[in-house]
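We number each residue from 1, following the sequence as shown.
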Amino acid sequence: MITNELKEKIVLAVAENRKNYTNDSKHATALGIDKAQYSQVFIKGKLDKVLSDANWISIARKLQVQLKEQASWVTVETETFQYITNQLTACQSRSISAIFCDIAGIGKTHTARVYVSKNKNAVYVDCSQVKTKQKLIRKIAQEFGVNHTGRYADVYEDLIFYIKQLENPLVILDEAGDLDYPAFLELKSIWNACEYVCGWYMMGADGLEEKITRNKNIKKVGYTEIFDRYGNKYNRVSPQADNVAIKAFHLDQIAKVSKANGADISPEKMFAKTMGSLRKVRTEIEKMRILQTMN
């Protein structure tokens, strides 16, 4: 059961997120509810008997509202955070594209989500959840607030039309290595249709680089063109092929994140527990917080 207290937290997050959309209708679409529900809850303030608990949970997940009472997570401007933020800013402001391929667990996804929450006309898509062509394009349309449930050809054309009307739109494609082949080809098509008016940022771990390079080398249709459109290089922030430098990189990020979030453990011990994954660092810190509340 979602309490009114939690609903009020979600309402505040929705109000903050509304700044990134041109109107209430598009914001409602992006949140996965209809305009009438949006009006009743987020404009008129009717919290009961309009949205289901599933709706509230979905909105909370999308806007990263914690449903459990716990200490808030402090975002730290690590080296990864600064690097990706600078790249996203460049892609959005100049309507260019880039690929970021780096080791897992260094903060790629968190940085992208924070960027989208603070920048108008920027959307984030987790490609691991929308691997096919239709699901991918419909998801991008939904994130922009465009109708995504009709005939696919109409969704595609409406999305392109809408993107061309926006000021400096940006699409962030996380876990892009999970996309199937037709989805990759569709990315090339929509990139062509939105050339010079939309920024694109493709992110993934080492597997994304391997997938694109392998298919380029066997001359599979589309991959060379996609690589060219996304800047003809793989960007990364962590040191490459140097174990000492990589460990130093991880220790620096761990130290900053741990300190900001009150972890009472040395970076070296945290590294031993997590092998540098900031995702695991967060899990360890949350476990420590639970133990502290029990003592």
Among residues at least two apart in sequence or on other chains, which ones pass side chain to side chain contact (heavy atoms under 4.5 Å, CB included) with K164?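 With sequence neighbours excluded, K164 shows a side chain to side chain contact (heavy atoms under 4.5 Å, CB included) to I160, V197, given in chain and number order.
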
Taking atom types as modelled, is there a side-chain donor on [X] or [Y] under 3.5 Å from an acceptor on the other?
{"X": "Y38", "Y": "S25", "result": "no"}
{"X": "T132", "Y": "D180", "result": "no"}
{"X": "Q253", "Y": "T80", "result": "yes"}
{"X": "S238", "Y": "R236", "result": "yes"}
{"X": "S52", "Y": "N55", "result": "yes"}
{"X": "Y115", "Y": "Q92", "result": "yes"}
{"X": "H148", "Y": "T29", "result": "no"}

Say you draw a straight line from CG of N121 to CD of Q165; how long is it, rounded to the nearest 0.5 Å?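 These two atoms lie 11.5 Å from each other.
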
Hydrophobic cluster membership, with links at side-chain heavy-atom distances under 4.5 Å among I/L/V/M/F/W/Y: are [X] and [Y] in one?
{"X": "Y181", "Y": "I137", "result": "yes"}
{"X": "I163", "Y": "Y124", "result": "no"}
{"X": "I285", "Y": "L278", "result": "yes"}

Expected output: side-chain [X] to main-chain [Y] donor-acceptor under 3.5 Å:
{"X": "S95", "Y": "C91", "result": "no"}
{"X": "D178", "Y": "C127", "result": "no"}
{"X": "K108", "Y": "I103", "result": "yes"}
{"X": "N215", "Y": "Y223", "result": "no"}

Do [X] and [Y] form a cation-pi contact, if we require the NZ or CZ to be under 6.0 Å from the six-membered ring centre and within 45 degrees of the ring's axis?
{"X": "K26", "Y": "Y162", "answer": "yes"}
{"X": "K216", "Y": "F227", "answer": "yes"}
{"X": "K120", "Y": "Y21", "answer": "no"}

Under 4.0 Å between a Lys/Arg side-chain N and an Asp/Glu carboxylate O for [X] and [Y]?
{"X": "R113", "Y": "D174", "result": "no"}
{"X": "E143", "Y": "K62", "result": "yes"}
{"X": "R229", "Y": "E225", "result": "no"}

Tell me which one of L173, I84, V171, I99 satisfies side chain to side chain contact (heavy atoms under 4.5 Å, CB included) with Y201.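 Of L173, I84, V171, I99, side chain to side chain contact (heavy atoms under 4.5 Å, CB included) with Y201 is met by I84 alone.
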
Can D126 and K139 be said to form a salt bridge (Lys or Arg N to Asp or Glu O under 4.0 Å), step by step? CA-CA 9 Å; D126 178 356; K139 183 61 175 176; over 6 Å; no

Find out whether Q40 and Q37 are in side-chain contact, i.e. whether some heavy atom of one side chain is under 4.5 Å from a heavy atom of the other.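 Answer no - side chains too far apart.
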
